[in-house]
Number of protein chains: 2
Amino acid sequence: MEKQEDFRACSVARTLRVLGDKWLFLILREAFFGVKNYDDFQAKLGIATNVLSGRLKTLVENGVLKREQDPADGRKVTYRLTEKGVDLYPIVLALMRWGDRWLADESGPPLILHHKPCGERLEPVTCCKACGGEVLAQDIRYEEAGGKPRGPDGRGT
Amino acid sequence: MEKQEDFRACSVARTLRVLGDKWLFLILREAFFGVKNYDDFQAKLGIATNVLSGRLKTLVENGVLKREQDPADGRKVTYRLTEKGVDLYPIVLALMRWGDRWLADESGPPLILHHKPCGERLEPVTCCKACGGEVLAQDIRYEEAGGKPRGPDGRGT
DNA sequence: GAAATTAGCTTGCAATCAGCAAGTTATTTT
DNA sequence: AAAATAACTTGCTGATTGCAAGCTAATTTC
């Protein structure tokens, strides 16, 4: 039980309690590509049906997707991203970006993204909202909410 | 086997073949906080030791961490991020950001990040490298590498 | 309007994986 | 030489996955 304490203390860990599974990310990816129905998720991902229904359930329970019955066809169910779900987009982009950069084969990235406002091909970068500069790992200083800064050895001072 | 085809076709999926597990993300988080040794990972995460050794092995095999023996003390091993590993930082930041925004309790985020170059508290945003604008999900157009654009229904046209 | 089809699941089962405790090996330190 | 430390490995039990099959309710076809 004590380790849960530490597990909960970080927002990365909290997010992973909602999203900490390969299939959850992939379902999410498909949702961003516009997939909405059970069978489409299944066909696109090749996921086992019991696992899919379980994962969809937890995503709905966690407020990432909303489940709606089609009024025109009572069999059909649509799963759509909530605002909370849409806000996961930077995570999906970051995953895709890294795969493009480090795991692409000779044919280049399998999917190309364009940024409609400027018309250019999208290369996502993580920036500081305050100054607009690109964020590099070595430029970040950590401070625990209690007030004590976290040393470079990862423990408290 | 055929579903692997589709699984491989997307860089998100490719990344998740390297990183598709809760523990891998958490080990990574600790690595960014400066943790380097086996026992420190274990203590910080409360992960089972067999699982930890397996995960560290796959991270090393995938070139995300490098394993080095301490020349001064032959018992000690350090795991350090490679360049490929450091480049995973935007993913960790994106996970943390979402958790801060959607899963924080009344006490606010448990860890605060500061951007040293500007001195301000870091709020990471995903931007378009070309135009510098913030990236919103609805502003992105998808195009499969083959050349055929991907429709809003998530399939090919 | 009965039979077939479709959408979205649930159930059962073998195999894999996680978590726990204990043990192992190779160094240091005392 | 004995004790401690770092980094693992092994054995066991119980949970989770993937696969195939079956189920149920709504809709389409004949």
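For the numbers below, each heavy atom of this structure counts, side chains included, while hydrogens, waters and symmetry mates do not. Proteins get letters first, then strands, A, B, ... in listed order; numbering begins at 1 in each.
Nearest heavy atoms, A:T15 versus B:L95: OG1-O, 2.7 Å.
Judged by distance alone, with hydrogens and angles left aside, the side-chain atoms of B:D21 form a donor-acceptor pair with the main-chain N or O of B:W23 at under 3.5 Å. Checking side-chain atoms of A:K44 against main-chain N and O of A:I27 turns up no donor-acceptor pair under 3.5 Å. No donor-acceptor distance shorter than 3.5 angstrom exists from the side chain of A:K76 to the backbone of A:P71, with no hydrogens or angles considered. A donor-acceptor pair is defined here as one N or O able to donate and one able to accept, closer than 3.5 Å; no such pair exists between the side chain of A:T126 and the backbone of B:T126. Not a single donor-acceptor pair under 3.5 Å links the side chain of A:S11 to the backbone N or O of A:R14.
Here the CD-SG distance, from B:E123 to A:C128, works out to 9.0 Å after rounding to the nearest 0.5 Å.
Set against C:dG8, D:dA7, C:dG19, the side chain of B:K22 has C:dG19 as its closest nucleotide. Here the nucleotide nearest the side chain of B:W23, chosen from D:dC8, C:dG19, C:dG8, is C:dG19.
In this structure, A:Y79 places its OH atom 11 Å from C1' of C:dA7, rounding to the nearest Å. Separating the CG atom of B:D21 from the C1' atom of C:dA18 is a distance of 10 Å, rounded to the nearest angstrom. With rounding to whole Å, B:I27 atom CD1 is found 14 Å from D:dA7 atom P. Here the P atom of nucleotide C:dG8 and the CD atom of A:E68 are 13 Å apart, to the nearest Å. Summarising the geometry, the separation between CG on A:L16 and P on C:dA18 is reported as 15 Å, rounded to the nearest angstrom. As rounded to whole Å, 9 Å separates atom P of C:dG8 from atom CZ of A:R67. The nearest whole Å value for the distance from the CD1 atom in A:I47 to the P atom in C:dC9 is 13 Å. The NZ atom of A:K76 sits 12 Å away from the C1' atom of C:dG8 (whole-angstrom rounding).
Using a 4.5 Å heavy-atom threshold, the side chains of A:D87 and B:W98 count as touching.
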query: Base, backbone or nothing for each nucleotide of nucleotides 24-30 of chain D, written B, S, -, heavy atoms under 4.0 angstrom, 5' to 3'?
result: --BS---
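The stretch residues 48-64 of chain A comes close to DNA chain C through A:T49, A:N50, A:S53, A:K57, each having a heavy atom under 4.0 Å from the strand.
Tested against B:V64 for a side-chain contact (heavy atoms from CB on, under 4.5 Å), the candidates B:L24, B:T58, B:L28 yield a single pass: B:L28.
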